Amino acid sequence: AALRAPCSSKRAAHPNSSISQPLAAMPLPASLSGPAAGAKELLAAVSKDPSLLDEPALAFLKEFCENYPPAAPEAETDDDESSEFMKREKAPFPAVPANAAEAPDDADWSIASTKKSAASSAAPAQALDLYTEALQAEAATACLSATTLAKRAEVLLKLERPAAAINDCDAALKLNPDSCRALKTRGKVRAALGEFVEANLDLSKAQSIDFDPNLASLCAEVKAQAAETSAKQREKERAAELAAKKKAAAERHRRAQEAQARSAPPPSGGGMPGGMGGMPGMGGVPPGMAGMAQGMMNDPDVMAAMSNPKVMAAFQEMMAGGAPNPAKMMQYMQDPDVGPVLQKMMGKFGGGMGGMPGMPGGMGGMGGMGGGGGFDAGAPDIEEVSEDLPDLEEVDEVD
């Protein structure tokens, strides 16, 4: 009862409405007499064979049969009337008079008492005026009462003015924070508004000050509703907190990935597994190495060796500058895993990998790998060329 706002009944259909009143029969025009006879025959045929309605020519008749009779519209309802709880009104509140600093010498103390006595048995609308006059009389004598304000709030609740009732209760509790009547009334108003958490606080405090057995059932219902509302609110807060944590974690992950991408070394232009630069495509590598790189990529033994992470890491280190590092190559020649692969590669590509002095295995002819062209496997050896050249003394003798 106290938790629900009163609702008026739904509006009935207008007495002159075409929905509620049957239509008067109208005479059939003479122009339709002939078609009516044909319609009678058509209906008889459809009654015997309803599948005729599926014919395109009779689509209009099928639609008419499916939608007849038309559905009656639902009765209109007011949004405020259909609400489960009261709504805060927008009308101005009854004024709360300011208490005088002191009572005048000729103050009439009986006015307030008379008005309050009459208000207690009057109808709500009249009682509202009487309590307002009583409050004015009390203020004039510096005796503004929290109890009188709470009584006017009770009347305002009966008149379905919950916002004004709460305003009077707030004013009463400023005068007396322990006004049991003001707490009870404000608790009832808040319950009628569906504000169960706040209502439970007011009613619980009122019961702790002056227990009212007649209020026990309402307090129990409000307490249960308040617990349910609080649980839903906590669930919403936890969901919002979890969503915020997920969003923050995603943002941290994104920033970490961006920082890692910025700090990572630029990728080399190669194609061998693990990133040994320059194969294939030879980006930044002298042109003379292209043939050797292609041969390495096609050699199954070399590719099998490159599947070893240690070997791949060593070759990446040796080729880190875009060209072989002689010092690193000398170092890895002693490695039991990398050294055999280097030896195999040297043996497979013409007995050497260019002119790096001091490299074992005859690594001559590379010429520093600077401008390229030093890896032409088809170029003749210097000694072979010198054998074909004539001796200078022989040339002189011929001359």
Side-chain angles (χ1 to χ4, degrees), residues 1-8 78-100 111-207 209-210 212 214-215 218-219 221-222 225-226 229:
L3 298 183
R4 303 291 182 266
C7 297
S8 61
D78 194 318
D79 290 339
D80 289 342
E81 292 175 350
S82 62
S83 176
E84 186 178 7
F85 301 106
M86 282 187 181
K87 302 292 184 184
R88 291 178 182 266
E89 78 281 6
K90 298 179 181 179
F93 303 154
V96 177
N99 213 6
I111 297 177
S113 298
T114 303
K115 298 293 183 181
K116 287 187 287 186
S117 178
S120 61
S121 57
Q126 184 181 4
L128 176 62
D129 294 335
L130 291 170
Y131 278 125
T132 299
E133 294 172 3
L135 287 169
Q136 293 170 349
E138 288 178 349
T141 58
C143 294
L144 188 63
S145 169
T147 301
T148 306
L149 281 167
K151 288 182 177 180
R152 189 172 74 169
E154 292 174 352
V155 173
L156 288 168
L157 176 58
K158 292 178 182 178
L159 294 172
E160 297 185 19
R161 297 180 61 182
I166 289 178
N167 184 66
D168 273 5
C169 291
D170 291 344
L173 291 169
K174 286 181 180 179
L175 294 174
N176 179 12
D178 293 330
S179 172
C180 187
R181 191 160 199 155
L183 287 169
K184 288 180 181 180
T185 304
R186 192 172 69 175
K188 292 177 181 179
V189 175
R190 286 175 166 173
L193 290 169
E195 300 171 2
F196 297 112
V197 175
E198 297 82 358
N200 183 54
L201 294 175
D202 285 341
L203 293 175
S204 297
K205 184 175 181 180
Q207 291 291 76
I209 295 172
D210 183 14
D212 183 358
N214 297 325
L215 205 61
L218 175 63
C219 289
E221 184 178 355
V222 168
Q225 294 280 5
T229 301

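Note that the structure is predicted; figures quoted are calculated from it, not measured. Residue indices begin at 1 and follow the sequence shown.
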Using the side-chain hydrogen bond (donor to acceptor under 3.5 Å, both in side chains) criterion, which residues pair with D170? Sequence neighbours excluded.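 Listed in chain order: R186.
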
Can you name the side-chain hydrogen bond (donor to acceptor under 3.5 Å, both in side chains) partners of E198, sequence neighbours left out?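 E198 satisfies side-chain hydrogen bond (donor to acceptor under 3.5 Å, both in side chains) with no other residue.
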
Quick one: pull up [atom1] in [X] and [atom2] in [Y] and give me the separation to the nearest 0.5 Å.
X	Y	atom1	atom2	value
L144	Q136	CG	CD	10.5 Å
N200	R190	CG	CZ	11.5 Å
C180	D202	SG	CG	11.0 Å
I209	D178	CD1	CG	4.5 Å
L173	I166	CG	CD1	11.5 Å
L128	E133	CG	CD	10.0 Å

Side-chain donor-acceptor contacts of residues 151-159 below 3.5 Å, not counting sequence neighbours, with atom names and distances?
unit_1: R152; atom_1: NE; unit_2: D168; atom_2: OD2; d: 2.6
unit_1: R152; atom_1: NH1; unit_2: A95; atom_2: O; d: 3.2
unit_1: R152; atom_1: NH1; unit_2: T132; atom_2: OG1; d: 3.1
unit_1: R152; atom_1: NH2; unit_2: A95; atom_2: O; d: 3.0
unit_1: R152; atom_1: NH2; unit_2: D168; atom_2: OD1; d: 3.0
unit_1: R152; atom_1: NH2; unit_2: D168; atom_2: OD2; d: 3.3
unit_1: E154; atom_1: OE1; unit_2: R181; atom_2: NH2; d: 3.3
unit_1: E154; atom_1: OE2; unit_2: R181; atom_2: NE; d: 2.9

Taking E138 for the side chain and S145 for the main chain, is one N or O donor matched with an acceptor at less than 3.5 Å?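 Side chain of E138 to backbone of S145: a pair is present.
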
Do side-chain atoms of E89 reach the backbone of A164 as a donor and acceptor pair under 3.5 angstrom?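 The answer is yes, because a donor-acceptor pair under 3.5 Å joins these two groups.
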
By side-chain contact (heavy atoms from CB on, under 4.5 Å), which residues pair with [X], not counting sequence neighbours?
X	value
S117	none
A118	L130
D212	K184, Q207, N214, L215

